[in-house]
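Taking it in order: structure first as structure tokens, then the write-up.
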Amino acid sequence: MYNFYVMEVLEKIKNKLIISVQSAKNEPLHDKKAMQALIDTVVSLGKIDTLRLAGDRDIKYVRKKYKEIVIIGITKPNIIPKNYKELVYITPSPEDAKIVAKSGADIVAFDATLRNTKIKEIISEIHAQKKLAMGDIAAFEDAKNAYNSGVDIISTTLSGYTKDTENMPDCPDFELLQKCVKNLNCPCILEGKIWSKNDVIRAFELGAHAVVIGSAVTRPHKIIEKFKEGLI
């Protein structure tokens, strides 16, 4: 039963654009009605059928309203601390993973960098809930360890967002994606710093199972910052 569920979910997200709809508590869009309107826009008008969501409030809303949507769920702090590059803050514990799974996520994503000492326990809890485990990694050593620990999916989410990778160029980590695709026998997703259609095309050419886009679609202030670069 579990294996069938895994294959069904993986097939649903294959070659798809996944939209991350998230905001911090100190941002206007974090308001419940605002987030629901943004989610509805992405799903109904954008015709997106896979979302990455943070927190049980938004996960429960989508699961109740959109039965067929595939949800990648996480927990994270209401406000990301300034020293976030030093912290494990994306679904950092088995307890967090259980909350996400119980809220209705199909896939539970978590920090799977080597700095996380609870990787196996988190994966075990996710699988106990009959959900898929997605390891957010920053480097290939993270990916290899997560794969050997039993994750179902690898995502490049944290490349450039840890102390060890903070000097990476401000662009998607295609090199990391390619290395993961070549060496790991599991679906690999490109996420992070994706701002153009060409980025998406290249990701699929390199063998990405899916592509997650966040700020370029659902965070207006970040989009404004991109337009302002070099102008002010």
Side-chain angles (χ1 to χ4, degrees), residues 16-30 38 42 46 48 50-54 72 74 76-77 79-92 109-116 134-144 146 153-184 187-232:
K16 294 289 185 68
L17 284 179
I18 300 168
I19 302 300
S20 178
V21 188
Q22 300 178 37
S23 64
K25 191 174 183 179
N26 60 343
E27 297 172 0
L29 279 177
H30 188 75
L38 186 56
V42 169
I48 293 296
T50 303
L51 301 174
R52 179 166 168 133
L53 304 169
I72 301 172
I74 65 170
K76 63 194 301 187
I79 298 176
I80 305 300
K82 291 183 179 181
N83 63 334
Y84 70 90
K85 292 180 182 179
E86 303 169 10
L87 303 175
V88 174
Y89 65 88
I90 297 177
T91 323
F110 68 99
D111 184 321
T113 60
L114 291 176
R115 60 191 177 171
N116 190 346
M134 184 165 98
D136 290 344
I137 56 95
F140 182 67
E141 289 304 311
D142 300 331
K144 187 165 63 173
I153 306 167
I154 292 290
S155 179
T156 63
T157 312
L158 290 171
S159 176
Y161 298 100
T162 65
K163 289 296 291 183
D164 291 340
T165 63
E166 63 182 350
N167 294 320
M168 294 290 295
D170 188 24
C171 62
D173 197 339
F174 295 112
E175 183 178 345
L176 176 58
L177 170 69
Q178 189 171 28
K179 199 167 185 179
C180 290
V181 169
K182 183 178 179 180
N183 293 283
L184 303 177
C188 300
I189 290 176
L190 182 71
E191 180 174 3
K193 304 178 181 179
I194 299 166
W195 285 92
S196 74
K197 185 176 180 179
N198 287 337
D199 291 338
V200 177
I201 292 171
R202 186 176 178 191
F204 284 125
E205 288 176 345
L206 293 175
H209 189 81
V211 175
V212 178
I213 303 174
S215 296
V217 174
T218 58
R219 304 194 79 194
H221 60 292
K222 293 294 183 181
I223 300 170
I224 292 168
E225 286 175 8
K226 283 291 180 180
F227 275 101
K228 283 185 174 180
E229 285 178 4
L231 296 178
I232 299 175

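Here the structure is a predicted model, which is why all the values come from computation and not from measurement.
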Closest approach of [X] to [Y] (non-hydrogen atoms, all atoms of both residues):
X	Y	answer
Thr165	Thr162	OG1-OG1, 2.8 Å
Ala24	His30	O-CB, 3.1 Å
Ala208	Leu177	CB-CD2, 4.0 Å
Leu176	Phe140	CD1-N, 3.4 Å
His209	Pro187	CG-CB, 3.5 Å
Ile18	Ala210	CD1-CB, 3.7 Å

Between atom [atom1] of [X] and atom [atom2] of [Y], what is the distance when rounded to the nearest 0.5 Å?
X	Y	atom1	atom2	result
Glu205	Asn198	CD	CG	9.0 Å
Ile72	Leu51	CD1	CG	9.0 Å
Leu114	Ile137	CG	CD1	10.0 Å
Ser23	Leu29	OG	CG	6.0 Å
Gln22	Leu38	CD	CG	11.0 Å
Thr218	Arg52	OG1	CZ	11.5 Å

Residues Glu141, Lys144; criterion salt bridge (charged side-chain N to carboxylate O under 4.0 Å, His left out); working and verdict: CA-CA 5 Å; Glu141 289 304 311; Lys144 187 165 63 173; 3.6 Å; yes
Partner residues of Lys226 under the salt bridge (Lys or Arg N to Asp or Glu O under 4.0 Å) criterion, sequence neighbours left out: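 Expected list: Asp170, Glu229.
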Side-chain ion pair, Lys228 and Glu225, N-O less than 4.0 Å: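 Salt bridge between Lys228 and Glu225, a charged N being under 4.0 Å from a carboxylate O: no.
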Contact check, side chains of Asp199 and Phe174, non-hydrogen atoms, under 4.5 Å: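 Touching, per the 4.5 Å side-chain cut-off.
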Minimum side-chain heavy-atom gap Asp142-Leu158 below 4.5 Å: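 Asp142 vs Leu158: side chains apart.
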Residue Lys85 excluded, over 12 heavy atoms near NZ under 6.0 Å: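 More than 12 heavy atoms, drawn from other residues, nucleotides or ligands, come within 6.0 Å of this atom.
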Side-chain H-bond candidate by donor/acceptor type, Thr113 with Asp111, under 3.5 Å: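 Yes, Asp111 and Thr113 have a side-chain donor paired with an acceptor closer than 3.5 Å.
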Side-chain (Ser20) to main-chain (Ile213) donor-acceptor, under 3.5 angstrom: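 Such a contact is absent between Ser20 side chain and Ile213 backbone.
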Ala109 backbone acceptor or donor facing Thr91 side chain under 3.5 Å: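 Pair found, side chain donor or acceptor close to backbone of Ala109.
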Plane angle bin for Tyr84 and Tyr161 - parallel if under 30°, tilted between 30 and 60°, otherwise perpendicular: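 Tilted: the ring planes of Tyr161 and Tyr84 meet at 30° to 60°.
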Audit row: Val212, Thr157, side chain to side chain contact (heavy atoms under 4.5 Å, CB included) steps and yes/no: CA-CA 9 Å; Val212 178; Thr157 312; over 6 Å; no
